[in-house]
Amino acid sequence: MMSPVPGPVERVKPGTLAVGPRERFAWEGTRGVHTLELGALDLRSFVELPGAIGLVGDGRPDPKGDWWSAYLVGERPAPVAEPASDRPLRAVDLFCGTGGLALGVAQLAAELGVRMVTEMVADSDAEAVAVYAANHDTRLRCIKSVSSLLDYRVRGRSADAGFVYPPEIVDPGLAEAVGGVDVVMAGPPCQGHSNLNNRTRRSDRRNTYYLTVPAFAVAASARMAIIENVPEVEHDDRQVVEVAQRLFEAAGYGVVRGTLRADAMGWPQTRRRSFLVARRDAAPIPLDVVAEALADAGPRTLEWAIGDLTDREDCGIMDVASEMSPENRERVDWLFDNGEYDLPNAWRPECHRDGTTYGSVYGRMWPDKPAPTITTGFMTPGRGRYVHPTRRRTLTPREAARIQGFPDTYRFVADPRHPPSRAKLAKWIGDAVPMPLGYGAALSALGPGLDATGGSGSSGGTDSDTHLDN
């Protein structure tokens, strides 16, 4: 079961557990303390522990797990020392979804004592943007395609790529609101790169949306940019990652690229994401250095992540599993009646028998291992290993959100009068970036130091009820 759980915290003697070469977690009374030295950052922050001190699976003390547990139940970190400035970290979030990538960036900002303010979010999904704004300090919402916000044109490929003319944000008011932002975050559509897209994955036209991010960052004179996607983006026929890197470099940004693994950081999910990080006033910290700094001895388990949610009473749409077809109920019953975690071929539909590359479908999750990659199909047994380890059902949205790094306090129902469909929840949660991965990318961008992110200090001047619609 996830630790800590609600209840009193026993005062313990200060103790520290080394996690990576530059990262430490410790208990100091009722506080969990995080220390991290990376680049110019010398971070020391704390969080109040709302429950009992926990252990990892082999019986070792687990202060890092306790820190994450506090985060998952809604505790917010704060710096041990007073921050030198109260200037916010000004951000833009493109293809924002419900704000998964922003969680990691905001988490690091909070540890540094900096409030992240999202000057503008853009996504064509109005309901997702409403969820984002319900959870993050957001000033301007653009409910439209990101490409429609820009005037730009790219010529050439790879090392020969460049902008035909300087990119421009077409709306003067928007250009003024986002001018000189600290960081542009973006998660361009990844379906065109996914290995589940057998038909067009290397040549899907959606892959070029990746290039809107350097165009926007250059047009807004942003100091930093973080782009996330599936690792397969590196194999795109149009070489969008190489082109994006060249566009950034030609505009004076230092660029690093790489893949971060959630389980390598100790998170209970085997998820990988590709990141490109660009910074204009200093070189970002290489992502392999970030990965080394945040490395853990092993991932936590699924039981650690969701064990306390197993028999949670119906608290709304987030805590109810999907109804299964009679055929799928029989398949799940077979797994439990026989104590198995993999369904034999005889019980599978013909399309999922011998020769398929999707052998985990209809599988039962292991409680003592990390979860597999959570996708938009987590509510359906036939789309992955998503049968609950101890209950005859699939994951609930709340359980999947926990595994994806969303705290329980995250509001996926922005308007209780109009709750989202289950299909929307599955997409929002399955497409998200786990918080530790966004946190790692933010370390790469902010690692050279916050003092270099100064600039105008403008807060944009628009409020959270402002929209730019189609």
Side-chain angles (χ1 to χ4, degrees), residues 1-12 17 19 25-34 45-57 61-79 98-100 102-111 116 131 134-136 262 265-269 296 299-320 367 370-371 374 388 390 395-414 425 428-429 432-439:
M1 181 176 294
M2 190 184 75
S3 174
V5 295
V9 177
E10 295 183 8
R11 290 193 172 273
V12 296
L17 182 68
V19 177
F25 287 85
W27 297 299
E28 294 183 3
T30 62
R31 287 181 171 183
V33 178
H34 179 208
S45 56
F46 72 91
V47 67
E48 293 294 337
L49 299 178
I53 301 302
L55 304 172
V56 289
D62 191 19
K64 183 173 186 177
D66 293 334
W67 173 281
W68 274 346
S69 295
Y71 158 80
L72 284 173
V73 298
E75 294 292 325
R76 295 286 290 169
T98 53
L103 272 175
V105 180
Q107 178 77 3
L108 177 59
E111 290 192 57
M116 188 184 81
V131 171
N135 292 280
H136 297 280
M265 298 179 184
W267 193 254
Q269 184 186 177
D296 205 349
R300 281 149 194 85
T301 67
L302 180 66
E303 174 69 15
W304 174 90
I306 65 171
D308 60 316
L309 299 177
T310 297
D311 295 315
R312 181 166 172 156
E313 295 295 325
D314 179 8
C315 297
I317 191 173
M318 290 295 293
D319 296 293
V320 180
I374 299 298
H388 193 277
T390 63
L395 294 173
T396 65
R398 178 82 62 199
E399 289 166 339
R402 273 257 191 106
I403 297 167
Q404 286 283 65
F406 287 99
D408 294 347
T409 51
Y410 209 81
R411 294 173 54 197
F412 283 97
V413 182
L425 282 175
W428 295 341
I429 295 170
V433 181
M435 182 278 290
L437 296 183
Y439 183 93

Roughly how far, to the nearest 0.5 Å, is the [atom2] atom of [Y] from the [atom1] atom of [X]?
X	Y	atom1	atom2	value
Y71	T409	OH	OG1	8.0 Å
D66	L49	CG	CG	6.0 Å
F25	D296	CZ	CG	8.5 Å

Using side-chain heavy atoms (C-beta onward) and a distance below 4.5 Å, is [X] in contact with [Y]?
X	Y	result
L103	P407	yes
P370	W267	no
R300	K64	yes
Y439	M265	no
V73	D408	yes
R402	D308	yes

If you take all heavy atoms of [X] and [Y], which pair is closest and at what distance?
X	Y	value
V131	R411	CG1-O, 3.2 Å
L395	I306	CD2-CD1, 4.0 Å
L72	F406	CD2-O, 3.8 Å
A371	L302	CB-CD1, 4.0 Å
E48	R31	OE2-NE, 3.3 Å
F46	P79	CE2-O, 3.6 Å

Under the side-chain hydrogen bond (donor to acceptor under 3.5 Å, both in side chains) test, residues paired with [X] that sit two or more places apart:
X	answer
Y410	H136
T301	none
Q404	Q269
W428	D125

Worked verdict on L309 versus T396 for side chain to side chain contact (heavy atoms under 4.5 Å, CB included): CA-CA 9 Å; L309 299 177; T396 65; 5.7 Å; no

Non-neighbouring partners of [X] that pass side-chain contact (heavy atoms from CB on, under 4.5 Å), sequence neighbours left out:
X	value
P397	M318, M379, R422, L425, I429
P77	W67, Q107, A110, E111
T310	H388, T390, R391

All salt bridge (Lys or Arg N to Asp or Glu O under 4.0 Å) counterparts of R398, not counting sequence neighbours: D319

